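Data first, discussion second: the structure below is written as structure tokens.
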Amino acid sequence: MPEGHTIHRLAGELTAAFGGRPVGVASPQGRFAAGAAVVDGSVLEGAQAYGKHLFIGFAGRRWVHVHLGLYGKFGVVAAPVPPGPVVGEVRMRLTAADAHADLRGPTRCEVIGDDEKAAVEARLGPDPLRGDDPAPALARIGRSRAPIGVLLMDQAVVAGVGNVYRAESLYRAGIDPARPGSTVPEPVLREIWADLVSLMRRGVHSGRIDTVRPEHEPEAMGRPPRVDDHGGEVYVYRRSGQPCLVCGTPMAAGRAAARNLFWCPNCQH
DNA sequence: GCCATATGGAAAG
DNA sequence: TTTCCCTATGGCA
């Protein structure tokens, strides 16, 4: 479930599990063999997250740059490493005495240096989870004719927001995702930014995306809890055709920039 | 077994 | 704007 909160949480978990110690880096699948050999056995100094990009820092100014993409997974598992052959397509495995971590299906997994890391970061907009100044994002949205729903997903505008936080933050602000960025008043943009900071911090802490306000939660509304494989309690994401939790209107769905888009046609303008 | 689907992004046209 | 990549899972024959 990789939006920015997943990556920031992962950076913390990796630093806690492996930081300051020599770590085995392997490529069970074989596709990361050359990169793994470069850092295998060196000290993992710490992991950093920027948007949806993960940088695992090793001694010698080497970084393993990981991007999970749409369905990548990276999880830390407490020791001992299960005996027997590694099951499935494990691109990279980190191993220490008391923990290991397996990476599967990433869009990117590569060893880079400081300059390449800086180049990746230079392409990203401010990240709500890093405490960045939102001014560049607000300015860019404020002068763009592109839909606000597309702009929020553009990592060069805001780093770390994915399809769920995009849909949910626009719903909570009452803004139609199709609305051009330049037509959204700046105070509303500031409110959306502050909301993203708060929602995404909560996501880092809980490991899932919950966006429903207390007064609309299942218990408060006398409805059954949401049952969905993404695990969180949300207003709009993947709820097309179901009644809006606030007004009862069936939620709408469409496509924008090749991604699923969800909104309430009554609550969002 | 086959197919559709997914919280992403880069490259190709 | 479309295509492609990477993997796991659930629904359906």
Side-chain angles (χ1 to χ4, degrees), chain A residues 1-11 27-33 35-36 49-55 64-75 77 86-93 101-110 112 116 119-125 127-129 146-147 149-172 177 196 199-212 226-241 251 253-263:
Chain A
M1 306 133 199
E3 295 196 23
H5 70 301
T6 305
I7 310 307
H8 282 259
R9 180 181 171 90
L10 198 45
S27 169
Q29 179 193 48
R31 297 184 47 174
F32 182 56
Y50 189 155
K52 299 170 189 169
H53 294 261
L54 178 68
F55 301 99
V64 174
H65 173 218
V66 172
H67 195 297
L68 292 180
L70 190 53
Y71 37 70
K73 290 201 171 30
F74 198 5
V77 180
V86 175
V87 177
E89 302 292 313
V90 178
R91 186 76 61 85
M92 173 174 71
R93 166 170 278 192
D102 285 344
L103 171 67
R104 300 163 193 268
T107 285
R108 275 190 110 72
C109 176
E110 60 186 353
I112 62 175
E116 293 161 288
V120 171
E121 294 175 341
R123 295 199 301 268
L124 299 174
D127 177 350
L129 286 173
V150 170
L151 291 165
L152 282 183
M153 288 274 286
D154 183 342
Q155 301 299 297
V157 177
V158 180
V161 172
N163 206 0
V164 183
Y165 283 120
R166 175 263 295 269
E168 297 297 314
S169 62
L170 287 173
Y171 176 87
R172 286 166 57 100
L196 284 169
L199 288 175
M200 292 175 78
R201 278 183 184 160
R202 183 179 176 188
V204 173
H205 190 256
S206 68
R208 45 183 262 182
I209 300 179
D210 294 284
T211 63
V212 176
R226 173 192 182 78
V227 179
D228 189 25
D229 55 13
H230 98 275
E233 194 72 30
V234 296
Y235 284 107
V236 288
Y237 177 69
R238 274 172 52 169
R239 292 197 66 247
S240 48
M251 309 302 290
R255 301 280 289 180
R259 304 301 302 279
N260 296 323
L261 180 59
F262 307 92
W263 73 100

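Residue numbers begin at 1 in each chain, while the letters A, B, ... track the order of the sequences. Keep in mind that this is a model prediction, so the values were computed, not measured. Computed from heavy atoms alone, side chains included, the values below leave out hydrogens, waters and symmetry copies.
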What integer number of Å spans the [atom1] atoms of [N] and [M]?
| N | M | atom1 | answer |
| --- | --- | --- | --- |
| C:dT1 | B:dT7 | C1' | 22 Å |
| B:dG13 | C:dC5 | P | 13 Å |
| B:dT5 | C:dT3 | P | 15 Å |

In whole angstroms, how far is the [atom2] atom of [N] from the [atom1] atom of [X]?
| X | N | atom1 | atom2 | result |
| --- | --- | --- | --- | --- |
| A:Asp102 | C:dT7 | CG | P | 13 Å |
| A:Leu70 | C:dC4 | CG | P | 17 Å |
| A:Phe74 | C:dA8 | CZ | C1' | 18 Å |
| A:Arg238 | C:dG10 | CZ | C1' | 11 Å |
| A:Tyr165 | B:dA6 | OH | P | 19 Å |
| A:Glu89 | C:dA8 | CD | C1' | 11 Å |
| A:Arg104 | B:dA6 | CZ | C1' | 17 Å |

With sequence neighbours left out, what residues match [X] under side chain to side chain contact (heavy atoms under 4.5 Å, CB included)?
| X | answer |
| --- | --- |
| A:Asp154 | A:Arg140, A:Ala156, A:Val157 |
| A:Glu116 | A:Ile112 |
| A:Ala49 | A:Ile7, A:His8, A:Ala11 |
| A:Arg123 | A:Val120 |

Who passes side chain to side chain donor-acceptor pair (under 3.5 Å) against A:Tyr235, sequence neighbours left out?
-> A:His216

Are there any protein N/O atoms within less than 3.5 Å of an N/O atom in nucleotides 9-13 of chain B, and if so, which ones and at what distance?
| unit_1 | atom_1 | unit_2 | atom_2 | d |
| --- | --- | --- | --- | --- |
| B:dG9 | OP1 | A:His67 | NE2 | 3.3 |
| B:dG9 | OP2 | A:Lys52 | NZ | 3.4 |

For B:dT7, does either OP1 or OP2 sit under 4.0 Å from a side-chain N or O belonging to A:Asn260?
-> yes

OP1 or OP2 of B:dT7 under 4.0 Å from side-chain N/O of A:Tyr237 | yes

Select one nucleotide: of B:dT7, C:dT2, C:dA8, the one nearest the side-chain heavy atoms of A:Ala258.
-> C:dT2

Name the orientation class of the two ring planes belonging to A:Phe262 and A:Tyr237 (parallel below 30°, tilted from 30 to 60°, perpendicular beyond 60°).
-> perpendicular

Describe the nucleic acid contact of A:Gln29 in one word from base, sugar-phosphate, nothing, applying a heavy-atom distance below 4.0 Å.
-> sugar-phosphate

Under 4.0 Å between any heavy atoms, over every strand shown, what does A:Arg255 touch: base, sugar-phosphate, or nothing? Just pick one.
-> nothing

What distance do A:Leu129 atom CG and A:Leu199 atom CG have between them, rounded to the nearest 0.5 Å?
-> 10.5 Å

